[in-house]
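Lettering follows sequence order; numbering is per chain, from 1.
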Amino acid sequence: MRRYESIKSRGDMKQEQRPRVRFAPSPTGYLHVGGARSALFNWLFARHYGGQFILRIEDTDRTRYQEDALDDLLSGLRWLGLDWDEGPEAGGPYGPYFQSERTDIYRRYAEQLIAEGHAYKCFCSPDRLAQMRKERQARKEPAGYDRRCRGLTAQQRRDREARGETAVVRFKMPLEGETRFHDQIRGDIVVQNETLDDFVLLKTDRFPTYHLANVVDDHLMAITHVLRADEWLPSVPKHVQLYAAFGWTPPLFAHLPIILDPSGKGKMSKRKKLAGNREAYVHLKDFRAAGYLPEALFNFLALIGWSYDDHTEIITRQQLIDHFDLDQVKPSAAAFSYEKLDWMNGQYIRTMPVDDLAARLLPVLRDAGLSPDMDTLRALVPLIRVRIKRLPDAVDLVDSFFVPEVHPTPHDLVGKKQTVDQTRQLLDLAYQTLASLPTFAETDVETALRAVVTGRQLKPNAFFGPIRVAVTGKKVSPPLFGTIHILGRERVLQRLQAAITLLQE
RNA sequence: GGCGCAUUCGUCUAGGGGUCUAGGACGCUGGCCUCUCAAGCCAGUAACAGGGGUUCAAAUCCCCUAUGCGCUACCA
């Protein structure tokens with residue numbers, strides 16, 4: 001795999017120039033996990049080199065603007081722990097950080113380009129453009145604007161303006177030659193200018209397009225590195241030409257591999273279903289709601305498209321900051337593996353401090369309609385932590401601790417090779433044994449019940465199975481002795497008795 | 001169609017010309033452990049897209065082909 005000169009090797013940036021990078025989402029929808037990954041890489045890069053991570057809101061599309069998108073974005077970044085040094089709610093010396101508040105700036109620069117002969121007004125209607133596109137397609141010509149308005153005389157232009165025709169401002173792309181640039185991840189890229197078209201800079205609503213706004217802002221905000229998803233790569237030549245027209249030095253570019261759907265075919269989409277009819281999460285908030293831990297998702301996302309070495313999977317945030325750099329970013333797109341995320345989430349759940357896990361479980365259990373008390377929950381955590389991959393998995397494991405009674409079925413109660421009578425006798429035995437115990441400490445419970453098993457030469461599960469069902473109402477539960485201890489004498493005996501009664505009927 | 005990017009186990013990846021009979025992880029399969037389910041441990045499965053070069057030597061460098069993905073808006 002290629003390895004371009006790492007930024008570090010070009011001199012100690014920590015001394016010379018702190019990078020300024022930005023995440024520049026558009027509030028047209030909820031924060032996508034791919035967007036979150038872009039933000040994450042930018043953040044890691046900034047933190048690694050001690051630079052600034054800037055959040056800029058590219059709200060120049062008024063038709064697709066979504067009211068609650070900004071909140072979702074901000075809370076999503078915060079949930080992941082990606083704090084921004086400049087941007088909404090943080091302020092900063094290069095504001096405003098909402099492009100909708102910077103429209104005069106873009107207009108001014110567009111005027112400048114027109115004045116200097118780098119841009120022109122175009123009066124072509126959307127209808128005509130659509131028509132033109134269709135014809136070009138039919139003739140198998142390259143797509144793109146046919147430049148009809150590029151040759152308008154000053155007089156023609158004045159006439160049409162006088163008639164009140166609306167116009168966009170288009171960039172006057174060089175017709176010949178080539179545009180070359182260096183991508184930090186992909187190396188040198190060259191494209192022929194004849195394949196580039198006269199893209200729109202300013203729309204008829206006087207708002208800038210992405211191309212204009214992003215170039216102007218990156219320059220004005222002193223952005224040093226543009227780290228963004230792969231899908232932007234084809235527009236870099238346009239931006240490079242724009243920088244040239246302005247006489248500005250472009251930032252360094254690094255295009256990150258995009259995240260593909262688990263099948264590896266296409267971007268991640270909400271519409272696709274996973275194996276087992278599981279829902280395919282694509283928005284950050286969906287992962288959050290599904291019970292993934294931010295630190296696990298953070299770890300997982302960092303490792304898609306980037307790796308530290310040949311064996312590290314679980315890696316802390318600080319280690320990531322210490323080691324992250326562009327030279328280990330892979331150029332190829334990567335499929336998103338929900339299975340591996342589940343595994344990783346489980347790893348974090350298992351190693352998290354008990355109190356932390358209990359605290360995170362509390363709201364999840366409440367959402368499920370349970371009213372757990374913290375003491376019981378804390379006692380339960382060690383029993384259930386290795387059994388859950390996502391927070392809501394805990395609900396089924398602990399609900400029997402927080403309800404007054406359980407309702408086992410005779411079918412579950414009676415083991416495969418047992419009769420109803422036998423089962424009832426075993427439960428009775430369990431009742432007698434436990435009722436006579438002086439304490440209900442876990443070890444005492446275990447010692448006593450195991451003694452029964454050995455004494456009667458039973459198979460452990462033949463005895464413990466029915467007890468489990470009687471006491472929790474389920475065939476699958478946390479470890480029995482701990483369960484009995486936490487449930488307490490009163491409830492355990494009650495439930496055993498209830499099961500015995502049930503089997504008598 | 002045009003333009004661009006990419007291509008190592010099913011998936012995420014290690015790999016910077018010889019140490020590669022290609023390493024790790026997820027998944028899957030089997031075993032151990034075991035009060036259920038898990039977890040853990042052990043073992044197994046499985047890849048350099050194809051073809052040409054360059055070189056004493058290529059997964060690593062170059063070219064072609066194929067395939068995939070992305071872009072092709074007055075969206076970002």
Side-chain angles (χ1 to χ4, degrees), chain A residues 1-3 24-29 58-61 63-64 122 124-126 129-130 133 136-145 166-170 183 186 189-192 195-197 199-205 207 209-211 213-214 229-237 255 257-258 260 262-267 300 303-314 330-344 346 350 384-389 393 397 446 449-450 453 459-465 467-469 472 474-481 483:
Chain A
M1 193 52 45
R2 95 312 53 140
R3 193 58 65 67
S26 165
T28 51
E58 309 221 327
D59 53 350
T60 55
D61 184 344
T63 56
R64 291 199 308 156
C122 167
C124 293
S125 68
L129 292 174
R133 228 171 273 129
R136 299 200 119 202
Q137 184 82 346
R139 275 184 265 122
K140 303 197 168 178
E141 287 170 355
Y145 179 53
T166 55
V168 300
V169 176
R170 284 184 184 273
D183 184 272
R186 279 150 231 280
I189 294 170
V190 185
V191 302
Q192 299 306 309
T195 66
L196 270 21
D197 84 329
F199 59 95
V200 172
L201 296 168
L202 222 51
K203 305 180 245 184
T204 46
D205 64 5
F207 272 68
T209 59
Y210 171 79
H211 304 298
N214 130 83
D230 212 356
E231 60 209 49
W232 295 106
L233 199 56
S235 64
V236 177
H255 288 84
I258 59 168
L260 265 20
S263 70
K265 302 206 179 300
K267 297 183 185 179
F300 180 77
L303 254 28
I304 135 159
W306 180 85
S307 65
Y308 173 47
D309 58 17
D310 64 349
H311 65 274
T312 303
E313 302 289 342
I314 303 298
K330 263 183 66 120
S332 47
F336 190 100
S337 170
Y338 290 91
E339 285 85 4
K340 189 155 184 177
L341 207 215
D342 279 353
W343 167 81
M344 192 169 277
R350 257 165 266 151
I384 63 169
R385 64 189 322 169
V386 297
R387 278 158 250 265
I388 58 181
K389 286 191 158 131
D393 293 345
L397 251 15
E446 174 162 11
L449 291 178
R450 282 200 192 279
V453 168
K459 287 198 165 184
N461 201 38
F463 188 46
F464 299 145
I467 300 177
R468 177 191 318 286
V469 176
T472 66
K474 314 179 188 219
K475 299 177 91 163
V476 173
S477 83
L480 225 212
F481 313 120
T483 295

| note | In whole angstroms, the gap separating P of B:C20 from CG of A:Asp310 amounts to 12 Å

| task | For nucleotides B:G23 and B:C48, find the distance between their P atoms and express it as a whole number of Å. | result | 13 Å

| task | With heavy atoms under 4.0 Å as the rule, sort A:Thr166 into base, sugar-phosphate or nothing. | result | nothing

| task | With the side chain of A:Gln137 defined as its heavy atoms from C-beta on, choose the nearest nucleotide among B:A6, B:A14, B:G1. | result | B:G1

| query | A:Asp61 side chain: which of B:A76, B:C5, B:A6 is closest? | reply | B:A76

| said: Applying the Watson-Crick and G-U wobble criteria at under 3.5 Å, what pairs with B:G1? Answer none if nothing qualifies. | reply: B:U72

| If you measure from the P atom in B:A22 to the same atom in B:A47, how many Å do you get, rounded? | 10 Å

| message | Under 4.0 Å, heavy atoms only, any strand: does A:Pro478 hit a base, just the sugar-phosphate, or nothing? | response | base

| task | To the nearest Å, give me how far apart CD (A:Glu339) and P (B:U11) are. | result | 12 Å

| message | For B:C75, does the base pair up with any side-chain atom of A:Thr28 as donor and acceptor (N or O, under 3.5 Å, distance only)? | response | no

| query | So what does A:Phe336 hit on the nucleic acid, given a heavy-atom distance under 4.0 Å: a base, only sugar-phosphate, or nothing? | reply | nothing

| said: Checking contacts here: which listed nucleotide (B:C12, B:U36, B:C35) is nearest the side-chain heavy atoms of A:Arg450? | reply: B:C35

| message | Using the C1' atom as the point on both nucleotides, what is the distance between B:U8 and B:G16, in whole Å? | response | 15 Å

| Between B:G1, B:U13, B:C74, which nucleotide gets closest to the side-chain atoms of A:Ala143? | B:G1

| message | Which nucleotide, if any, forms a Watson-Crick or G-U wobble pair with B:C35, using both distances under 3.5 Å? | response | none

| query | Touch check for A:Ser477, heavy atoms < 4.0 angstrom, all strands: base, sugar-phosphate only, or nothing? | reply | base

| task | Would you mind pulling out the nucleotide paired to B:U55, Watson-Crick or G-U wobble, both distances under 3.5 Å? | result | none

| So what's B:U11 paired with, Watson-Crick or G-U wobble, going by both distances under 3.5 Å? | B:A25

| Between B:G52 and B:G68 - C1' atom distance, rounded Å | 22 Å

| task | Looking at every strand, decide which applies to A:Arg170 at a 4.0 Å heavy-atom threshold: base, sugar-phosphate, or nothing. | result | sugar-phosphate

| field | Proximal nucleotide (of B:C69, B:G23, B:G1) relative to the A:Lys265 side chain | value | B:C69

| Is the gap between the ring centers of A:Phe300 and A:Phe336 under 6.0 Å? | yes

| query | A:Asp309 CG to B:C12 C1': how many Å, rounded? | reply | 14 Å

| task | Assign A:Ile258 to base, sugar-phosphate, or nothing according to its heavy-atom contacts below 4.0 angstrom with the strands shown. | result | sugar-phosphate

| query | The side chain of A:Phe481 lies closest to which of these nucleotides: B:U13, B:C35, B:G70? | reply | B:C35

| query | Quantified in whole Å, what is the C1' atom distance between nucleotide B:G18 and nucleotide B:A58? | reply | 10 Å

| remark: In terms of heavy-atom contacts, A:Arg136 and A:Tyr145 come closest through NH1-O, 4.3 Å

| said: For a quick check of understanding: with a heavy-atom distance under 4.0 Å over all strands, which category does A:Leu480 fall into, base, sugar-phosphate or nothing? | reply: base

| query | For A:Gly305, which contact category applies under a 4.0 Å heavy-atom criterion: base, sugar-phosphate, or nothing? | reply | sugar-phosphate

| task | May I ask you to evaluate whether A:Arg350 reaches the phosphate of B:G40, defined as a side-chain N or O under 4.0 Å from OP1 or OP2? | result | yes

| query | Say you pick atom C1' in B:G44 and the same atom in B:C64; how far apart are they, in whole Å? | reply | 39 Å

| A:Asp61/A:Lys203 ion pair, N-O < 4.0 Å | no

| query | In the structure shown, which nucleotide is the Watson-Crick or G-U wobble counterpart of B:G30, with both distances under 3.5 Å? | reply | B:C42

| message | With a 4.0 Å limit, can you tell me whether A:Lys267 has a side-chain N or O closer than that to the phosphate oxygens OP1/OP2 of B:C71? | response | yes

| said: Need the pair for B:U67. Rule: Watson-Crick or G-U wobble, both distances under 3.5 Å, any strand; none if unpaired. | reply: B:A6

| said: At 4.0 Å (heavy atoms only), tell me whether A:Glu313 reaches a base, stays on the sugar-phosphate, or touches nothing. | reply: base

| request: State whether A:Arg136 places a side-chain N or O below 4.0 Å from either non-bridging phosphate oxygen (OP1 or OP2) of B:G1. | output: no

| task | Could you work out which one of B:A76, B:A39, B:U7 sits closest to the side chain of A:Pro331? | result | B:U7

| query | What interatomic distance, in whole Å, is found between P of B:C74 and the corresponding atom of B:U65? | reply | 32 Å

| message | Base of B:C5, side chain of A:Arg186 - is there a donor-acceptor contact under 3.5 Å? | response | no

| task | Rounded to the nearest angstrom, tell me the gap between atom CH2 in A:Trp306 and atom C1' in B:G24. | result | 15 Å

| said: Counting only side-chain heavy atoms from C-beta out, which of B:C35, B:G70, B:G24 sits nearest to A:Lys340? | reply: B:G24

| At under 4.0 Å between heavy atoms, what does A:Val191 touch on the DNA or RNA strands: base, sugar-phosphate, or nothing? | sugar-phosphate

| request: Check the distance between B:C71's P and A:His255's NE2 and give it to me in whole angstrom. | output: 12 Å

| 5' priority, RNA chain B, between A:Pro460 and A:Ala335 [closest heavy atom] | A:Ala335

| message | So A:Arg133, base contact, sugar-phosphate only, or nothing? Heavy-atom distance under 4.0 Å. | response | sugar-phosphate

| task | Check whether any side-chain nitrogen or oxygen of A:Lys203 sits under 4.0 Å from OP1 or OP2 of B:A76, and answer yes or no. | result | yes

| said: Categorize A:Leu449 for me: base, sugar-phosphate, or nothing, with a 4.0 angstrom heavy-atom threshold over every strand shown. | reply: nothing

| request: Could you give the distance separating B:U29 and B:C37 at their P atoms, to the nearest angstrom? | output: 15 Å

